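Heads up, the thing below is written out as structure tokens.
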Amino acid sequence: MLPPEVLHEFSKSVINYKKTGYSILELPHRSTAFMDIMAECTALVKELCRIGDDFEVLWMQGGGRAQFGMVPMNFLGPNDVAGYIDSGHWAAEAAAYAMMLNKNTSVLSSTKAINYCELPSINLKLPAKLKYLHLTTNNTIYGTQFSTIPDFKVPVVADMSSDIFSVQRDYSKFGLFYAVAQKNLGTPGTTMVAVRKDFLANQQTYIAPAFSYTKHLQAGNLLNTPNVSGIYVTLLMLRWTKQQGLAAIEKNNREKAALLYNAIDANKTFVPHVKKTSDRSLMNVCFTMNNKDAEARFVKLCEQEQIVGIEGHRSVGGFRVSLYNAVTTDHVKTLVEIIEKI
Ligand code: PMP
């Protein structure tokens, strides 16, 4: 979901962007107006993450998967070693990309054997000379989330696609973090990448420019044509996020998740995928139902309230309710009433 204010503002700009007489969909990517949009996006990310000029921010295409490839391409030479935490589908895919590109990379910890119904341990004895450790802060498909990240003594690369700005984190301790826009940052087609300059200083030199962070930065994020209108939606989302405040957003997300998990736990027809409460995601609540008739009734009642798109991933089955930042407590209450009726 996107907040109504964002949809309203964007719709105005489709007809006439800031009274310029042209649409945001027509805005040239080299125009001053677009430079201003990107600069404000970057400034807002730095402000919200409380990171300074020791970080660079990029607005990229190719989604999460492009980052799965770009991270090892940029940081791993043939003799380097990276470690991956396998906490879910996307974490495993990120690891698979890296292992395809680098023979020394391995998965250090995984809960694949129990269908990712818990988080893997991250209190690890890390291999020597790890170039970076990759983890996924929130596991969209299985509904687990790392609420805290220990102080690893190596650079941490984090995929924050499905929980960026949902909770307060110490962003300054990451070497690189990335997030696709289509959850808490806007619409598909834009990926935010924030990278520490000192980590980037170790970048490999022989990379095709389109896949090199340094080349994108040197080109002022204009190496290839950025997703102009998508980045504008992201700007509107970032302004909205700042206006709400991260503390208020986190409080709201905790309240929404508690309402939903409590309702599911109280009704034996519903079976939560993640039993360990400390591992539960605030963003994606995954569950199955133990009664086919009740399942059909549940889907029907949800549809009547315009609660749609809640089917779970094929590897988990059942349902996945996403509580991204724009979902309100009232939306969740509507769903809870349905759960209580089943
Ligand atoms: N990482 C996470 C945590 C995701 O949830 C997703 C997809 N929703 C991806 C990566 C992949 O993103 P994309 O489809 O943009 O490649």
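Atoms within a ligand are numbered from 1 in the order they appear, just like the ligands themselves. Computed from a predicted model, the values in this text were never measured in an experiment. The analysis underlying the following values was restricted to heavy atoms, covering all of them including side chains, and did not include hydrogens, waters or symmetry mates.
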Approximate separation, where rounding is to 0.5 Å, of Leu44 CG and Met237 CE: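 It comes to 12.0 Å.
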Residues forming a side chain to side chain contact (heavy atoms under 4.5 Å, CB included) with Ser322, sequence neighbours excluded: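 Residues passing side chain to side chain contact (heavy atoms under 4.5 Å, CB included) with Ser322: Asn284, Arg320, Tyr324.
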Not counting sequence neighbours, list each pair that qualifies as a side-chain hydrogen bond (donor to acceptor under 3.5 Å, both in side chains) and has a residue in residues 300-311.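 Every candidate side-chain hydrogen bond (donor to acceptor under 3.5 Å, both in side chains) pair involving residues 300-311 fails, so no pair, neighbours aside, qualifies.
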What pairs of residues pass the side-chain hydrogen bond (donor to acceptor under 3.5 Å, both in side chains) test when at least one of them lies in residues 56-67, not counting sequence neighbours? Thr42-Trp59, Arg65-Glu93, Gln67-Tyr213
In chain-and-number order, ligand 1 lies under 4.0 Å from a heavy atom of each of Gly63, Gly64, Arg65, Phe68, Trp90, Thr136, Asn138, Thr140, Asp159, Ser161, Ser162, Val180, Gln182, Lys183
Step through the shown structure and confirm whether more than 12 heavy atoms of other residues, nucleotides or ligands are within 6.0 Å of NZ on Lys197. yes
Taking the inter-plane angle between the rings of Tyr178 and Phe68 on a 0 to 90° scale, is it parallel (under 30°), tilted (30 to 60°) or perpendicular (over 60°)? perpendicular
